[in-house]
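Throughout, a chain's letter reflects where its sequence line sits, starting with A, and its residues are numbered from 1.
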Protein chains: 2
Amino acid sequence: MAARARSEERRAEIVRAALEVIAERGYRGATLGAVAERVGLTQQGLLHYFSTKEALLVAVLAERDQWDAVPARSWRLELLQSLVEYNAMRPGIVQTFSALLGESVTEGHPARAYFTERYAAVRPSMETVLRAEYGACLPSGLTPAQAAPLLVAVMDGLQFQWLLDPDAVDMGAAFGHFLTLLEGPEPPSSKG
Amino acid sequence: MAARARSEERRAEIVRAALEVIAERGYRGATLGAVAERVGLTQQGLLHYFSTKEALLVAVLAERDQWDAVPARSWRLELLQSLVEYNAMRPGIVQTFSALLGESVTEGHPARAYFTERYAAVRPSMETVLRAEYGACLPSGLTPAQAAPLLVAVMDGLQFQWLLDPDAVDMGAAFGHFLTLLEGPEPPSSKG
């Protein structure tokens, strides 16, 4: 029992170290060797916890999902805007997410299940946010179920444009324009 | 001179063969060996034309850009809708685009220049389409320059969701909803 707790603690420590290495050196620099060195393990020792770089990176992304998570009832679109602006300050993890998302669409990729399940959860979660904010129909005329995949697509798509050319794309401002689209041309009705 | 023409013809033949292999076997199946076999070259012979798989795939994507290109004045948003629906029928090339886009955001990737230049051209091109259709301000209140990166982001982002789970995401319908957002809740004013 103590051994298992120690093992899980060690695993969490490796994931945190990987996040640091990603932040400093980016996707390509985040090798198993670099992460092993940071936690004082041999590469062989690290393989005991994560057998591939992909498995480690998926664990990092899943951990980020946990950290970014907000209780469903507390979510509002404004928070998504903050999340996009926050992401613009952490290019390493956004790059890792985007690179792995790209790889995941290829046949038999180890990250495919993670991303498929993630989107299957994120779309309904965004739908809930939109329904809580706007009810059954957005000011723009879309239903929450129609708008949710677009919300997710815009966030992902802007990340690629921004990573490739950070000076040309202001991710936060662009996402703000998308929220303007969702809200429609009228100013949203204010609630007392 | 004849040798150069022959060489360029051979190059074009290889790119067409690669497109076929991609359509049949997807991104991972499109190996240099498989493409070489299709055009009756040894892998060594193919390397004379394309030194890496990435270089060959970038040539395929650039060729597709040419085929998909419509003279700027003829573009309308409706054509983009048709393009998205057409893409839903060719998963192999969309998968190749998406996988390579993902890889391209990593340090020193050979496809990075292609994608950076592509987006630097596609954003203003979409802006021109939007301006031709709506003038200086869209019904939704955005300027064409604000809407263009969103249009591109939605197309890219939906492709990832669709590739990961084709049954859950109707790419054409979802893109249609985005066009509804751009047009705003009012029906667009009809022109005689």
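Contact annotation: the side chain of A:Val169 approaches that of B:Arg123 to within less than 4.5 Å [non-hydrogen atoms, C-beta and beyond]. In this structure, A:Leu150 and B:Leu158 have side chains that are in contact, with non-hydrogen atoms separated by less than 4.5 Å.
Heavy-atom pairs under 4.5 Å with chain A were tallied for B:Ala174, B:Pro149, B:Ala168; the largest tally goes to B:Pro149. With respect to chain A, the highest number of heavy-atom pairs below 4.5 Å among B:Gly29, B:Gly157, B:Ala153, B:Ala147 belongs to B:Ala153. Interface check for chain A: of the options B:Tyr27, B:Tyr119, B:Phe160, the most heavy-atom pairs under 4.5 Å are formed by B:Phe160.
Of the two parts of B:Leu138, neither the backbone nor the side chain holds a non-hydrogen atom closer than 4.5 Å to a non-hydrogen atom of chain A. Within the 4.5 angstrom heavy-atom criterion, atoms from both the backbone and the side chain of B:Val152 approach chain A. Neither the backbone nor the side chain of B:Arg118 comes within contact range of chain A; no heavy atoms are under 4.5 Å apart. Using a 4.5 Å cut-off between heavy atoms, B:Leu163 contacts chain A through both its backbone and its side chain.
Taking 4.5 Å as the heavy-atom cut-off, the residues of residues 96-108 of chain B that approach chain A are B:Ser98, B:Ala99, B:Leu101, B:Gly102, B:Glu103, B:Ser104, B:Val105, B:Thr106, B:Glu107, ordered by number.
Annotation for A:Glu37: atom CD does not count as buried by contact number, only 12 or fewer foreign heavy atoms lying within 6.0 Å.
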(request) Start with the C-alpha gap between B:Asp156 and A:Asp156, add the side-chain angles, then the distance that decides, and say whether side-chain contact (heavy atoms from CB on, under 4.5 Å) holds. (result) CA-CA 8 Å; B:Asp156 291 344; A:Asp156 291 343; over 6 Å; no
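Distance OG/A:Ser140 to NE2/B:His177: 11.0 Å, rounded to 0.5 Å.
Listed by first and then second residue, the salt bridge (Lys or Arg N to Asp or Glu O under 4.0 Å) pairs that reach into residues 83-92 of chain A are A:Asp68-A:Arg90, sequence neighbours excluded.
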